2 protein chains.
Amino acid sequence: MTEHDTARTLAHPEAAEIRLEDVLHALSDPVRLSITRDLAVSAADLACSHFDLPVTKSTTTHHFRVLRESGVVRQTYRGTTKLNALRREELEALFPGLLDSVLTAAAAEEARLA
Amino acid sequence: MTEHDTARTLAHPEAAEIRLEDVLHALSDPVRLSITRDLAVSAADLACSHFDLPVTKSTTTHHFRVLRESGVVRQTYRGTTKLNALRREELEALFPGLLDSVLTAAAAEEARLA
DNA sequence: CCGCTCCTACGACGGCTCTCGTACGATGGT
DNA sequence: ACCATCGTACGAGAGCCGTCGTAGGAGCGG
């Protein structure tokens, strides 16, 4: 290891390549929506292992890949852990208000069903 | 026919039964998003046959059912034709700003890719 | 009554999705 | 050097999804 940024890199779509349908599809899964909400309220990036999800690690990996490939999150390796961050600014520039309204809607629905 | 509202009725979810994940999933399909956009800019309700979609009638029926069962549209029979209307007020009450931001995002993406 | 149009039902097919288990690579600490 | 931890890859299975064709029901107009 020459540096600590020798980390493997992950394929992310450019902002211009992000497709609305893919974002909506990514957010239409309960597990992924939950991940997205957790990221939204967290100040710092979160490691995959920080999430308490009702699925196995294999499935968790799958969901994070869907979120990354759809452009919802950006992932970077940091040692053995992988950090996740919402691509807020980019999504806001592409689809103004969309992410916020989905997050608000998710919170409203949770409150409504509780 | 005793009246012209002898029309068969269709099962719609109550407002309280509408689930965010179902709405997002409904809107994540290009055909259904296109239908939704057309309904949004139309003053009156639109018959299924008014849409020029790249799929057969069978598939069109399927997509309208997904939209109806997810709570995005309300469908009523009017003679032989079936009229479709967005459930704007109900969706706005449940998920404020969501539909508008999706519609705006779809328009933005269309402009961006053109 | 007959036909026309609009839409539906059903079955089918290919493909994608969500899920898992097991086995493995990569990193960092001891 | 070793091992523990974190995440990945791969294969597999069950189920859903989008698509179609064909056949048929419901209503309208003649």
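A note on names: the letters A, B, ... follow the listed sequences, proteins ahead of strands, and every chain is numbered from 1. Computed from a predicted model, the values in this text were never measured in an experiment.
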Test for a donor-acceptor pair under 3.5 Å between the base of D/dT22 and the side chain of B/Ser58, counting only N and O atoms. yes

Could you tabulate the donor-acceptor pairs under 3.5 Å formed by side-chain atoms of residues 35-53 of chain B, not counting sequence neighbours?
{"unit_1": "B/Thr36", "atom_1": "OG1", "unit_2": "B/Arg32", "atom_2": "O", "d": "2.8"}
{"unit_1": "B/Arg37", "atom_1": "NH2", "unit_2": "B/Glu110", "atom_2": "OE1", "d": "3.2"}
{"unit_1": "B/Ser42", "atom_1": "OG", "unit_2": "B/Ala44", "atom_2": "N", "d": "3.4"}
{"unit_1": "B/Ser42", "atom_1": "OG", "unit_2": "B/Ala44", "atom_2": "O", "d": "2.6"}

Under a 3.5 Å distance rule, please check whether [X] uses its side chain to pair with a backbone N or O of [Y] as donor and acceptor.
{"X": "B/Glu69", "Y": "B/His12", "result": "no"}
{"X": "A/Gln75", "Y": "A/Ala85", "result": "no"}
{"X": "A/Thr104", "Y": "A/Ser101", "result": "no"}

Does the side chain of [X] get closer than 4.0 angstrom to OP1 or OP2 of [N] through an N or O atom?
{"X": "A/Thr81", "N": "D/dT5", "answer": "no"}
{"X": "A/Thr56", "N": "C/dC20", "answer": "yes"}
{"X": "A/Tyr77", "N": "D/dT8", "answer": "yes"}

Are [X] and [Y] connected in the hydrophobic side-chain network, where two residues link if heavy atoms are under 4.5 Å apart?
{"X": "B/Val31", "Y": "B/Val66", "value": "no"}
{"X": "A/Val102", "Y": "A/Leu91", "value": "yes"}
{"X": "A/Val72", "Y": "B/Leu33", "value": "yes"}
{"X": "B/Phe64", "Y": "B/Leu83", "value": "no"}

Heavy-atom side-chain contact between [X] and [Y] under 4.5 Å:
{"X": "B/His63", "Y": "B/Ser34", "answer": "no"}
{"X": "A/Arg78", "Y": "A/Thr81", "answer": "yes"}
{"X": "B/Asp100", "Y": "B/Arg88", "answer": "yes"}

Tell me what A/Lys82 touches on the nucleic acid: a base, only sugar-phosphate, or nothing, going by heavy atoms under 4.0 Å. sugar-phosphate

What are the two closest non-hydrogen atoms of B/Leu94 and B/Ala15, and how far apart are they?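 Of all heavy-atom pairs spanning B/Leu94 and B/Ala15, the closest is CD1-O, 3.1 Å.
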
Rounded to whole Å, how long is the line connecting atom [atom1] of [X] with atom [atom2] of [N]?
{"X": "B/Lys57", "N": "C/dA9", "atom1": "NZ", "atom2": "C1'", "value": "14 Å"}
{"X": "A/Leu53", "N": "C/dC20", "atom1": "CG", "atom2": "P", "value": "11 Å"}
{"X": "A/Leu10", "N": "D/dG7", "atom1": "CG", "atom2": "C1'", "value": "10 Å"}
{"X": "A/Gln75", "N": "D/dC6", "atom1": "CD", "atom2": "C1'", "value": "13 Å"}
{"X": "B/Arg78", "N": "D/dA26", "atom1": "CZ", "atom2": "C1'", "value": "16 Å"}
{"X": "A/Asp52", "N": "D/dC6", "atom1": "CG", "atom2": "P", "value": "14 Å"}

Check nucleotides 13-16 of chain D against the protein and report each pair of N or O atoms closer than 3.5 Å, with its distance, or say if there are none.
none

DNA chain D contacts made by residues 26-34 of chain B, counting heavy atoms under 4.0 Å: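 Within residues 26-34 of chain B, the residues near DNA chain D are B/Asp29, B/Arg32.
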
Enumerate the residues from residues 59-69 of chain B whose closest heavy atom to DNA chain D is under 4.0 Å, giving them by residue number; use none for an empty result. B/Thr59, B/His62, B/His63

For nucleotides 2-5 of chain C, print each protein N/O atom paired with a nucleotide N/O atom at under 3.5 Å, atom names and distance only.
none

Might you work through the side chain to side chain contact (heavy atoms under 4.5 Å, CB included) test for B/His62 and B/Val55, ending with a clear yes or no? CA-CA 10 Å; B/His62 161 69; B/Val55 293; over 6 Å; no

Residue B/Val55, side-chain atoms from C-beta onward, closest of D/dG7, C/dC6, D/dT19: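 Among D/dG7, C/dC6, D/dT19, the one nearest the side chain of B/Val55 is D/dT19.
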
So, using side chain to side chain contact (heavy atoms under 4.5 Å, CB included) as the criterion, who are the partners of A/Glu109 when residues are at least two apart?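 So A/Glu109 forms a side chain to side chain contact (heavy atoms under 4.5 Å, CB included) with A/Arg112, A/Leu113, B/Arg19, B/Leu20, B/Glu21, B/Phe95.
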
